[in-house]
Amino acid sequence: MKRVTPIPSAANLTSIQPAATAPELLRNFCIIAHIDHGKSTLADRMLQITGVVEARAMRAQYLDRMDIERERGITIKSQAVRMPWEVDDTAYALNMIDTPGHVDFTYEVSRSLAACEGAVLLVDAAQGIEAQTLANLYLAMENELQIIPVLNKIDLPAAQPEKYAEEIAGLVGGDPEDVLRVSGKTGVGVTELLDRIVELVPAPQGDPTAPARAMIFDSVYDTYRGVVTYVRVIDGQLNPRERIAMMSTRAVHDLLEIGVSSPEPSPTKGLGVGEVGYLITGVKDVRQSKVGDTVTNSAKPAAEALGGYSDPKPMVFSGLYPIDGSDYPVLRDALDRLKLNDAALVYEPETSVALGFGFRVGYLGLLHLEIVRERLEREFDLDLISTAPNVIYEVTMEDKTVIQVTNPSEFPGGKIGEVREPVVKATILAPSEFIGAVMELCQTRRGDLQGMDYLSADRVEMRYMLPLAEIVFDFFDQLKSKTRGYASLDYDVVGDQAAALVKVDILLQGEQVDAFSAIVHKDNAYAYGVMMAGKLKGLIPRQQFEVPIQAAVGARVIARETIRAIRKDVLAKCYGGDISRKRKLLEKQKEGKKRMKTIGQVEVPKDAFIAALTSEQTETREKKK
Ligand SMILES: Nc1nc2c(ncn2[C@@H]2O[C@H](COP(=O)(O)OP(=O)(O)OP(=O)(O)O)[C@@H](O)[C@H]2O)c(=O)[nH]1
């Protein structure tokens with residue numbers, strides 16, 4: 001197809017653009033890829049080639065706005081951008097929706113996909129298909145998107161485009177020759193890709209005369225403008241200064257501004273069928289503008305909401321405590337602020353004997369946990385300690401009462417009928433030489449092999465059912481280290497199952513230390529007990545009496561360590577009768593005691609708890625590196 005010079009940048013046009021582009025001139029697409037296969041780099045190149053961002057203003061990963069995203073090189077929040085592109089003298093508007101690539105954010109990916117008619121399936125020409133390529137491809141197929149397979153990074157010396165084009169064609173159908181070859185880095189093949197998007201992605205269809213219906217696929221909090229809601233119009237038209245209604249909550253808001261991002265926000269006189277843009281209503285909380293919800297006109301509402309909406313569900317919980325107890329109010333405010341921008345974050349106050357006042361926080365997954373914690377520490381200058389992450393358990397007592405447990409220390413005693421835990425369907429892709437290693441790992445994690453397929457002669461896809469609890473800890477790190485970094489993983493929570501789970505408590509001189517309680521499979525209880533008791537023995541200073549450290553399941557002690565007694569006589573070194581020096585030493589000892597936590601009669605420096613919890617976290621972090 002012949003390419004003509006792109007039309008001038010939308011940003012250079014007058015600030016208010018005409019209402020609604022005709023649907024047949026629109027193409028809505030997203031780029032789906034495994035993490036690091038180059039989605040953001042390709043998106044950058046498209047912005048540059050279509051002229052919406054001048055080369056001079058270009059910076060790497062233009063669309064990734066959060067500092068953390070830029071530093072970690074990953075996309076967390078998706079964004080949409082409109083690009084002009086001319087083919088055969090016809091000016092089209094391409095809406096590109098950048099999607100997050102990580103497992104924790106699958107829900108956001110699926111909403112972004114629902115806003116498109118086509119998907120560029122991007123595969124690194126030196127790596128081939130990976131687990132998230134498959135997961136995202138299946139999501140795109142469920143949404144009936146036109147798939148455009150593309151091999152990226154063909155400039156790399158290690159690129160094997162022939163081999164992987166065949167792999168892709170085997171997966172999506174078609175001829176290996178039709179798989180486009182591009183380099184997001186050098187720009188090779190990107191114009192051809194833009195042409196192909198116009199050619200292959202179907203124009204959006206909808207009823208322009210019907211009551212307005214638009215799907216929210218993202219909403220972000222902006223300090224200056226409040227919540228910015230990204231929508232895709234399905235039917236009808238949204239106009240400035242209308243009153244709009246959210247169909248799931250029935251909340252009504254005044255539309256203050258409506259426009260498109262190109263990629264800086266530019267107001268328009270409205271958004272019509274198939275268009276992608278943003279709405280500003282002055283709302284201050286993203287929870288009032290939920291991803292997946294349907295926006296309609298409040299005076300002339302649509303009868304039915306668009307399908308597929310679900311509330312984000314936290315899957316992983318952990319206690320979050322300020323290291324300095326006086327920071328508790330700061331932490332509370334910081335969480336309130338963060339929640340404005342993160343509808344998936346949930347938390348409630350919690351107190352721990354060992355750690356004081358804090359919060360039990362629910363996250364979508366481990367990456368989400370790390371990101372929240374990092375943002376709290378960085379943006380609010382807090383020093384935090386988090387307890388080991390755990391999943392949500394459903395405990396049915398013998399009398400049939402059901403209890404949801406998000407904190408191990410709340411695991412009920414007494415007569416338990418059944419404990420259920422969430423399970424995931426995991427897809428693991430690895431070179432076939434690592435099949436044994438992967439199987440061994442999954443077996444130790446209580447995995448159940450569901451099936452296995454060869455993608456090519458030397459690469460295999462394995463499907464497992466695994467308890468989520470076994471994945472949230474260090475599964476991914478173990479998988480990487482056992483496969484020399486070659487395996488990739490994707491998982492999806494699919495339900496729950498009954499399991500033989502018990503709570504292990506750690507007791508100091510008979511008193512339970514809540515921060516160390518854990519829910520584990522009964523076969524792993526002993527190992528956890530021995531590990532924790534041993535660790536605490538090394539951290540708790542000797543007291544003037546003997547202190548037993550025990551690990552127990554219910555009333556049964558399964559491991560024990562003992563801290564031997566000493567008598568710490570601070571006056572021992574003071575000969576003679578210098579009373580003022582003696583007093584000083586005693587004062588000093590009293591000061592030190594303030595930093596102690598008393599568990600029963602045992603005085604434990606708060607630092608020891610922090611060290612025990614952090615060493616666990618750093619061990620896992622170290623392993624990741
Ligand atoms: N040589 C080469 N490197 C590339 C190309 N495209 C991307 N890269 C590099 O690959 C790495 C990952 O690229 P990103 O664009 O951040 O990948 P991504 O898929 O957006 O990653 P997520 O946002 O984490 O999903 C970066 O170091 C890029 O510089 C390419 O065409 N050629």
Worksheet item: Can you tell me if Y363 and E370 form a side-chain donor-acceptor pair at under 3.5 Å?
Response: no
Discussion item. Nearest 0.5 angstrom please: L355 CG to D514 CG, how far?
Written reply: 7.0 Å
Worksheet item: Is the NZ or CZ atom of R446 both under 6.0 Å from the centre of the six-membered ring of Y464 and within 45° of that ring's axis?
Response: no
Worksheet entry | F476/Y491 aromatic ring centres below 6.0 Å | no
Item to complete: Could you grab the distance from atom CG of D254 to atom CD1 of I280, nearest 0.5 Å is fine?
Response: 13.5 Å
Worksheet item: Just wondering, do C442 and I428 contact through their side chains at under 4.5 Å, heavy atoms?
Response: yes
Worksheet item: R360 and T406: side-chain donor and acceptor closer than 3.5 Å?
Response: no
Discussion item. Hydrogens and angles aside, do S219 and S289 bring a side-chain donor and acceptor to less than 3.5 Å of each other?
Written reply: no
Practice prompt. Without swapping roles, check the side chain of N524 against the backbone of V520 for a donor-acceptor pair under 3.5 Å.
Written response: no
Practice prompt. May I ask you to test the M246-Q288 pair for a side-chain heavy-atom distance under 4.5 Å?
Written response: no
Worksheet item: CD1/I32 to NE2/H37 distance, rounded to the nearest 0.5 angstrom?
Response: 12.5 Å
Item to complete: Just say parallel, tilted or perpendicular for the rings of Y328 and F359, cut-offs at 30° and 60°.
Response: parallel
Fill in: Residue pair I519, N390: steps toward the side-chain contact (heavy atoms from CB on, under 4.5 Å) verdict
CA-CA 8 Å; I519 297 170; N390 61 269; 5.8 Å; no
Discussion item. If you apply the rule side-chain contact (heavy atoms from CB on, under 4.5 Å), what do you find for L338 with R375, and how did you get there?
Written reply: CA-CA 8 Å; L338 216 54; R375 287 188 67 186; 3.7 Å; yes
Discussion item. For Q132, is there any backbone N or O sitting under 3.5 Å from a side-chain donor or acceptor partner on H34?
Written reply: yes
Discussion item. Ring-plane angle category for Y230 and F217, please: parallel below 30°, perpendicular beyond 60°, tilted otherwise.
Written reply: tilted
Discussion item. Is it the case that over 12 heavy atoms from other parts of the model lie below 6.0 angstrom from the CZ atom of R225?
Written reply: yes
Fill in: Under 3.5 Å side-chain donor-acceptor pair for D383 and Y321
no
Discussion item. Using modelled atom types and a 3.5 Å cut-off, is there a donor and acceptor pairing between side-chain atoms of D293 and backbone atoms of S248?
Written reply: yes
Discussion item. Are there over 12 heavy-atom neighbours, none belonging to K284, within less than 6.0 Å of that residue's NZ?
Written reply: yes
Worksheet item: In Å and rounded to the nearest 0.5 Å, what is the OG1 to CG distance from T229 to L279?
Response: 5.5 Å
Worksheet item: If only atom types and distance count, is the side chain of T387 paired as donor or acceptor with the main-chain N or O of G319 below 3.5 Å?
Response: yes
Discussion item. Using side-chain heavy atoms (C-beta onward) and a distance below 4.5 Å, is S517 in contact with F411?
Written reply: no
Discussion item. Minimum heavy-atom separation for S112 and I97, please, with both atom names.
Written reply: CB-CG2, 3.6 Å
Worksheet item: Just by modelled atom types, is the S318 backbone N or O under 3.5 Å from a matching donor or acceptor in the S386 side chain?
Response: no
Discussion item. Strictly distance-based, threshold 3.5 Å: is any side-chain N or O of R232 a donor or acceptor partner for the main-chain N or O of M215?
Written reply: no
Fill in: Pair D490-T427, side-chain hydrogen bond (donor to acceptor under 3.5 Å, both in side chains): steps then yes or no
CA-CA 5 Å; D490 194 89; T427 309; 5.6 Å; no
Worksheet item: What is the distance from atom CD of E470 to atom NE2 of H521, rounded to the nearest 0.5 Å?
Response: 8.5 Å
Discussion item. So does G292 get a backbone contact from the side chain of R111, meaning a donor-acceptor N/O pair under 3.5 Å?
Written reply: no
Practice prompt. Might you confirm whether atom CZ of F380 has over 12 heavy atoms from other residues, nucleotides or ligands at distances under 6.0 Å?
Written response: yes
Practice prompt. Evaluate the side-chain proximity of T562 to V547: yes if any heavy-atom separation is below 4.5 Å, no if none is.
Written response: no
Discussion item. Can you tell me if K425 has over 12 outside heavy atoms packed within less than 6.0 Å of its NZ?
Written reply: no
Worksheet, complete the sentence: To the nearest 0.5 Å, atom CD1 of I563 lies from atom CD of Q543 at 7.0 Å
Worksheet entry | Side-chain (S488) to main-chain (A131) donor-acceptor, under 3.5 angstrom | yes
Discussion item. With heavy-atom distances below 4.5 Å as the criterion, would you say the side chains of Q404 and I392 are in contact?
Written reply: yes
Worksheet entry | Heavy-atom check, side chain of V493 versus side chain of L468, under 4.5 Å | yes
Discussion item. Within the supplied structure, the quantity of interest is the number of heavy atoms (other residues, nucleotides, ligands) at a distance under 6.0 Å from D523 CG; does it exceed 12?
Written reply: yes
Fill in: D324 side chain vs S326 backbone, donor-acceptor pair below 3.5 Å
yes
Worksheet item: Ignoring hydrogens and geometry, is there a side-chain-to-backbone donor-acceptor pair from K503 to G554 under 3.5 Å?
Response: no
